[in-house]
Amino acid sequence: MIVILLGPPGVGKGTQAKRLADDRGWRHVSTGDLLRAHRRDGTELGRKAQAFMDEGELVPDDVILGMVDAEITLDDVRGVVFDGFPRTVEQAEGLDRLLDDTDRSVGLVVVLEADDEVLVKRLAGRRSCPECGAVYNVHFNPPETEDRCDRCGHEGLRHRADDRPETVRTRLEVYLEQTEPLIEYYGDHPAPVERVDGAQDVDEVATELARAVRGVMEGAAG
Ligand code: AMP
């Protein structure tokens, strides 16, 4: 099944997508993570994306669609959880075309919602491990030892440059202008759309998300 997690920056898409993908044995595809890996590796795509990411603006649709096309394969037939993609109507149309070519389709769209105040606080506290990608929050989910990754032991967690307050403001505006219209796009789409309150505790969000996925899967089976 193909699941899309939609929602503003900081709402918890990454955490929830990882968890759902792990639970189900599906693949987690985060275009933000893929772009950051390209930047780290110094690829041409990474260089193209850099300025947009630093400003909190969207990377052009053709770059993103090319990257996703190269990334998802028929081996992912069991399931994919998209996080941070699609982010524009053009990307959503592109994804539909891409899936159509291999007789697949979007199975569920989940919109995670939270007030700007919650989002800004979460992004300000977010830290990640440059080594293994584990994500923490100094307010809500700190590592056991300050600044040390619980998962791999790496010392020195990072605050993403684009999580700084000035860039966060731009990212929230970009979400409202370019990504929120997608909710309407999916309203007219065969895939069901579920809204989940992303301001709840991580476990509560995960439970609601898992319930929505189960609902679709049972519907498809029955
Ligand atoms: P994220 O980790 O999802 O918050 O993404 C970080 C940054 O990567 C965004 O602010 C954009 O600059 C870029 N980005 C990630 N995914 C996309 C996408 N689907 N379309 C355009 N830009 C993206």
Side-chain angles (χ1 to χ4, degrees), residues 2-18 20-21 27-41 43-72 80-99 106 109-112 114 116 118-130 132-137 157-183 185-186 198:
I2 313 276
V3 178
I4 291 174
L5 293 192
L6 268 184
V11 79
K13 298 186 297 295
T15 305
Q16 296 297 336
K18 240 178 240 149
L20 174 63
R27 207 145 79 90
H28 169 209
V29 176
S30 152
T31 43
D33 286 352
L34 291 172
L35 290 168
R36 280 184 287 277
H38 275 282
R39 284 181 63 166
R40 264 197 308 277
D41 297 345
T43 68
E44 195 192 327
L45 196 154
R47 279 193 295 275
K48 265 191 209 160
Q50 182 151 0
F52 297 100
M53 295 174 79
D54 288 344
E55 295 296 319
E57 301 285 350
L58 294 186
V59 174
D61 292 329
D62 58 329
V63 176
I64 297 290
L65 283 167
M67 185 176 76
V68 171
D69 190 11
E71 192 64 27
I72 58 167
V80 179
V81 186
F82 282 112
D83 141 25
F85 172 84
R87 258 184 162 92
T88 63
V89 170
E90 189 161 350
Q91 290 180 21
E93 289 169 348
L95 176 64
D96 282 340
R97 276 196 303 274
L98 218 83
L99 294 175
V106 176
V109 179
V110 176
V111 185
L112 294 177
D116 282 5
V118 174
L119 303 173
V120 169
K121 184 151 189 216
R122 283 200 186 153
L123 292 168
R126 178 155 78 174
R127 300 289 181 278
S128 63
C129 174
C132 75
V135 179
Y136 301 92
N137 190 293
L157 300 176
R158 279 204 194 128
H159 190 200
R160 271 171 50 177
D162 63 347
D163 281 346
R164 300 210 178 99
E166 324 77 78
T167 321
V168 163
R169 261 193 302 279
T170 309
R171 288 165 66 207
L172 289 171
E173 279 165 21
V174 165
Y175 175 77
L176 272 184
E177 280 165 22
Q178 303 192 53
T179 307
E180 217 177 45
L182 272 182
I183 300 174
Y185 174 84
Y186 283 115

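In each ligand, atom 1 is the first atom listed, and ligand 1 is the first ligand listed. The figures that follow rest on heavy atoms only: side chains count, while hydrogens, waters and symmetry mates do not. Keep in mind it's a predicted model, so treat the numbers as computed, not measured.
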> Under 4.0 angstrom from ligand 1, any heavy atom of Arg160?
Replying inline: yes
Ligand 1 atoms nearer than 4.0 angstrom to some heavy atom of Gln91 are 18 (C), 19 (N), 20 (N), 21 (C)
Inset, instruction - Looking only at distances, please establish whether an N/O atom of ligand 1 is found under 3.5 Å from an N/O atom of Asp33. - result: no
| said: So for ligand 1, is Val59 a polar contact partner (N or O within less than 3.5 Å, distance only)? | reply: yes
message = So, 4.0 Å and heavy atoms of Arg36: is ligand 1 close enough to count as a contact?
response = yes
Residue set satisfying salt bridge (Lys or Arg N to Asp or Glu O under 4.0 Å) with Arg36, at least two apart, ordered chain then number -> Asp33
*Sub-3.5 Å donor-acceptor pair from the side chain of Thr179 to the main-chain atoms of Arg87, do we have one?*
yes
Atoms of ligand 1 under 4.0 Å from any heavy atom of Leu35, numbered from 1 in the order shown, are 8 (O), 13 (C), 14 (N), 15 (C), 23 (C)
Ligand 1 to Asp162, heavy atom cutoff 4.0 Å, flagged ligand atoms 6 (C)
### Test of proximity, Gly84 against ligand 1: N or O pairs below 3.5 Å
yes
For Glu57, the atoms of ligand 1 under 4.0 Å from one of its heavy atoms are 11 (C), 12 (O)
Taken in chain and number order and not counting sequence neighbours, the residues that satisfy salt bridge (Lys or Arg N to Asp or Glu O under 4.0 Å) with Arg39 are Asp54
